[in-house]
Amino acid sequence: MILGNGIDIIEIERIEKAINRWGSLFTEHVFTPDEITWAQKHKFPYPHYAGRFAAKEAIFKSLSDPRVTWLDLNIINDASGKPICYYSKHDFTGQIYLSISHTKIYAVAQAIVTR
């Protein structure tokens, strides 16, 4: 049963500017250590940060729970490259399905939450 869905798109340059301006104050507020490690291992990390930012926004929309924080969501890739979201709320028993994509300018993500 689908409980919610969400989609978000963001300009990669917007995330790049935030990181260049605020540095770790921004990255450590929005991204988990796993997500930071993932992005930083790429030559151009900003599309990867932006993709995870968009994914978290899409998840926020699909969960419709104002108590969810940035760091409650840990988005990593499985061995095949598929994004997987680990949601740290212990009482959550649903599934979160994600799709993330980016171009040179934009990152987009869609989330579907099921029970």
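Owing to the predicted nature of the structure, the values given are computational and were not obtained by experimental measurement.
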Original post:
Can you tell me how far CG of Leu73 sits from SG of Cys85, rounded to the nearest 0.5 angstrom?
Top reply: 4.5 Å

Subject >> Crowding at CD1, Ile2 (>12 non-hydrogen neighbours, <6.0 Å) >> reply: no

Original post:
Distance-only, no hydrogens or angles: does the Asn20 side chain make a donor-acceptor pair with backbone N or O of Glu16 under 3.5 Å?
Top reply: yes

Original post:
Is the number of heavy atoms from other residues, nucleotides or ligands under 6.0 Å of Tyr86 OH greater than 12?
Top reply: no

Original post:
Rounded to the nearest 0.5 Å, what separation is found between the CG atom of Leu3 and the CG atom of Asp65?
Top reply: 12.0 Å

Original post:
Any idea which heavy atoms bring Ile100 and Arg52 closest together, and the distance?
Top reply: CD1-NH1, 4.2 Å

**OP:** Evaluate the salt bridge (Lys or Arg N to Asp or Glu O under 4.0 Å) criterion for residues Lys89 and Asp91: first the C-alpha distance (whole Å), next the side-chain angles of each, then the deciding distance (0.1 Å), finally the verdict.
**Re:** CA-CA 6 Å; Lys89 296 295 182 190; Asp91 59 347; over 6 Å; no

Original post:
Do Ile7 and Lys61 come close enough that some side-chain heavy atom pair is under 4.5 Å?
Top reply: no

Original post:
Does one side chain, of Gln40 or Tyr49, offer a donor that lies under 3.5 Å from an acceptor on the other?
Top reply: yes

**OP:** Determine, stepwise, if the pair Glu28 / Ile36 fulfils side chain to side chain contact (heavy atoms under 4.5 Å, CB included).
**Re:** CA-CA 8 Å; Glu28 292 175 8; Ile36 294 169; 4.2 Å; yes

**OP:** State, to 0.1 Å, how close Ser24 and Thr27 come at their nearest heavy-atom pair, and which atoms those are.
**Re:** CA-OG1, 3.2 Å

Less than 3.5 Å apart, which donor and acceptor atoms pair up between the side chains of residues 104-115 and the rest of the protein, not counting sequence neighbours?
none

Original post:
How long is the gap from NZ on Lys41 to NE2 on His48, to the nearest 0.5 Å?
Top reply: 9.5 Å

**OP:** May I ask you to test the Asn77-Ile84 pair for a side-chain heavy-atom distance under 4.5 Å?
**Re:** no

Original post:
Any link between Leu25 and Leu71 through a network of hydrophobic side chains (Ile, Leu, Val, Met, Phe, Trp, Tyr) touching at under 4.5 Å?
Top reply: no

Original post:
Is it true that Phe31 and Trp38 have ring centroids separated by less than 6.0 Å?
Top reply: no

Subject >> Same apolar cluster (I L V M F W Y, side chains within < 4.5 Å links), Leu98/Val68 >> reply: yes

Original post:
So, do Leu63 and Tyr87 sit near enough that their side-chain heavy atoms are less than 4.5 Å apart?
Top reply: yes

Original post:
What's the spacing between Ile59 CD1 and Trp70 CH2 if we round to 0.5 Å?
Top reply: 10.0 Å

Subject >> Lys17 and Glu11 ion-paired at < 4.0 Å >> reply: no

Original post:
What pair of heavy atoms forms the shortest contact from Glu35 to Val30, and how long is it?
Top reply: OE1-O, 4.2 Å

Original post:
Strictly by modelled atom types, are Asp34 and Thr32 linked by a side-chain donor-acceptor pair under 3.5 Å?
Top reply: no

Original post:
Under a 4.5 Å side-chain heavy-atom rule over Ile, Leu, Val, Met, Phe, Trp and Tyr, are Tyr46 and Ile10 clustered together?
Top reply: yes

Subject >> Pairwise distance CZ(Phe26) to CZ(Arg21) - rounded to 0.5 angstrom >> reply: 12.0 Å

Original post:
Short question: side chain of Glu57, backbone of Asp8 - any donor-acceptor pair under 3.5 Å?
Top reply: no

